[in-house]
There are 2 protein chains.
Amino acid sequence: MRLVQIYQCLCDETRLRLLNLLLRGPLCVCHFQTVLGEPQVKISKHLGYLRTRGLVTATRRGNWMVYALPEAAARSPELAANLACLQDCAAEQAVFRRDLARLARLDLTCGPIQAGGAASGGCCAPAKTFPKK
Amino acid sequence: MRLVQIYQCLCDETRLRLLNLLLRGPLCVCHFQTVLGEPQVKISKHLGYLRTRGLVTATRRGNWMVYALPEAAARSPELAANLACLQDCAAEQAVFRRDLARLARLDLTCGPIQAGGAASGGCCAPAKTFPKK
DNA sequence: GCTCTATATTCCAATCAAGGAATATGATCT
DNA sequence: AGATCATATTCCTTGATTGGAATATAGAGC
C-alpha cells in the first residue's frame, strides 16, 4: 500500500474519528452516527472512502453493515505502523477521547459473534436475530 | 498541534519526499530541486505549505533558504511520533529510498555551521561566505 | 547603482474533496 | 407483496489543492 494513500485517508477529521473508534473494535454505521453525532450520509461516505482504499473492511449483518479494521495479519507494515501511531496520538486529543468515552458509556460493539457487548440493545442486535447461519 | 493538520501535510507525495529528506538533516531549496527533479515553484510552494503549518522551519543563509525540521525539543508529541513513523515507513518504499540514495551520493547538506558536508561544492557554500556573523 | 542567483509570490486553470438533499438498494418483518 | 429499517449512491454546489507561467523579492558581488 502506498504511503501517501494512507495519509490521504487520515487527513480528514471525520475519518480520523471513525478510525479511532474502530481501533476499539468493529462497529456499524448507526453506532458511528450516535457517537459522532454526524448525519448518515457523511458517515457512510467517509466509510466508503476508507473502504475503497483498503483501510477498512465491511460485512453485512442483516440490515446492518459492520465496519472493522483489516485483521492484523492483513495489514501492510505501513498501515499497522500508522494505526498504532494514530492510536497513541488520538489518546492525547480531546475530540478523540470524548468519542471513546461516549463509545464506552454506550457500550456499543459489533464484535463478530461476541455474545457480549451491544448489551444495551441498540442496533446490531445479538445472537437472537442471526443464529441461522 | 492538531492531528488532522499533521496528516494534511503528509497527504501529498511531494511533501512526503521533502520531509523524508529533511529527516536526514537541513537542506535548501536547490538541494530538493536536484534530488527530486521537480521544478522550483513546486518545491518552494510545498515547503511554504509545510512552513506555515509548523512542520518545517526556514532560515535564510545568504542567497539560500535552509529548511529543517523543528528541533526535537520543539516538536509536539504528535509530530514527533508521526515523523518517526514516516521515517520507518519511507525506508520501505522505493521512491523514498531512491531519494535518500541520491541525496547520499550527492553529499548535500546544509547542516548549521557543520563545516563538513556540502563538500561537493554545490550551493550553500560553507564557511567562506558566512563567517561575518 | 546594476546584475546575477536563489527563492517566493501572484495569477490562472484544472482537478479534487466535502457536505447535503433526494433517491436508491437490500434486508427483514408482516 | 408491501412496509419499514439501515445504509449506499447520485447529483449538485462550494471550496480547497495542485501545478505551471510569469513576475517579484532579497541578498551577494561588482
Side-chain angles (χ1 to χ4, degrees), chain A residues 4-5 7-18 26-53 56-68 108 110 118 121-126 128-133, chain B residues 4-5 7-18 26-34 36-53 56-68 108 110 118 121-133:
Chain A
V4 208
Q5 292 179 317
Y7 288 124
Q8 283 167 349
C9 288
L10 300 179
C11 72
D12 175 275
E13 171 126 353
T14 306
R15 290 196 289 268
L16 284 184
R17 295 175 72 190
L18 295 175
L27 290 170
C28 64
V29 182
C30 56
H31 290 154
F32 292 117
Q33 285 179 245
T34 309
V35 176
L36 301 201
E38 297 280 2
Q40 187 257 327
V41 210
K42 194 170 171 181
I43 304 278
S44 180
K45 276 208 225 166
H46 282 296
L47 286 170
Y49 185 105
L50 293 173
R51 185 185 185 181
T52 60
R53 284 154 183 88
V56 151
T57 66
T59 51
R60 182 172 277 279
R61 184 186 295 187
N63 269 336
W64 299 274
M65 279 298 252
V66 180
Y67 283 87
L108 301 175
C110 274
C123 64
C124 274
K128 197 184 72 169
T129 332
F130 314 100
K132 40 186 82 163
K133 178 58 111 4
Chain B
V4 208
Q5 292 179 317
Y7 289 124
Q8 283 166 349
C9 288
L10 299 180
C11 72
D12 175 275
E13 171 125 353
T14 306
R15 290 197 288 268
L16 282 184
R17 295 175 72 191
L18 295 174
L27 290 170
C28 65
V29 182
C30 56
H31 290 155
F32 291 117
Q33 285 178 245
T34 309
L36 300 200
E38 297 279 3
Q40 187 257 325
V41 210
K42 194 169 173 181
I43 303 277
S44 181
K45 277 207 225 168
H46 281 295
L47 286 170
Y49 185 104
L50 292 173
R51 186 186 184 181
T52 61
R53 284 156 183 87
V56 150
T57 66
T59 51
R60 183 172 278 280
R61 183 186 295 185
N63 269 335
W64 299 275
M65 278 299 251
V66 180
Y67 283 87
L108 302 174
C110 274
C123 65
C124 273
K128 199 184 67 168
T129 332
F130 315 99
K132 38 186 84 165
K133 176 66 109 354

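Since the structure is predicted, the reported quantities are computational estimates derived from the model, not experimental observations. Quick note on labels: first sequence line is chain A, next is B, and so on, each numbered from 1. Any value given below was found using the heavy atoms of this structure, including those in side chains, with hydrogens, waters and symmetry copies removed.
You'll find the side chain of A/V4 stays beyond 4.5 Å of the side chain of B/D12, heavy atoms only. A heavy-atom distance below 4.5 Å is not found between the side chains of A/H46 and A/E38.
Distance, A/L36 CG to C/dG19 P: 12 Å, rounded to whole Å. Between the P atom of D/dT7 and the CG atom of A/L27 lies a distance of 11 Å, rounded to the nearest Å. The nearest whole Å value for the distance from the CD atom in A/Q40 to the P atom in D/dT10 is 14 Å. Put simply, CG on A/D12 is 17 Å from P on D/dG15, counting in whole angstrom units. Here C/dG26 presents its P atom at 11 Å from CE of A/M65, a figure rounded to the nearest Å. Per the geometry, NE2 belonging to B/H46 stands 13 Å off P belonging to C/dA8, to the nearest Å. Here the C1' atom of nucleotide C/dA17 and the CD atom of A/Q5 are 16 Å apart, to the nearest Å. What separates CD of B/Q33 from C1' of C/dT5 is a distance of 12 Å, to the nearest Å.
The side chain of A/R15 contributes an N or O atom lying less than 4.0 Å from OP1 or OP2 of C/dA18. Between B/S44 and C/dA8 there is a side-chain N or O to OP1 or OP2 distance below 4.0 Å.
Annotation: the span from A/L18 atom CG to A/L47 atom CG amounts to 5.0 Å, rounded to 0.5 Å.
As judged by a 4.0 angstrom heavy-atom cut-off over every strand, A/Y67 is placed among residues touching the sugar-phosphate backbone only. Within the 4.0 angstrom heavy-atom criterion, base atoms lie near B/V41. The residue A/R51 sits apart from the nucleic acid: no heavy atom pair falls under 4.0 Å.
Comparing C/dA27, D/dA8, D/dG27 by their closest approach to the side chain of A/N63 singles out C/dA27. Distances were taken from every side-chain heavy atom of A/K42 (C-beta onward) to each of D/dG20, D/dT7, C/dG19; the shortest belongs to C/dG19.
The residue among A/P39 and A/Q8 whose nearest nucleotide of DNA chain C lies closer to the 5′ end is A/Q8.
A/K45 contributes a side-chain N or O that forms a donor-acceptor pair with the base of C/dG19 under 3.5 Å.
Partners of A/R53 by side-chain contact (heavy atoms from CB on, under 4.5 Å), not counting sequence neighbours, listed by chain and number: A/C9, A/Y49, A/L55.
Distance alone, capped at 3.5 Å, is enough to place a donor-acceptor pair between the B/R15 side chain and the B/Q8 backbone.
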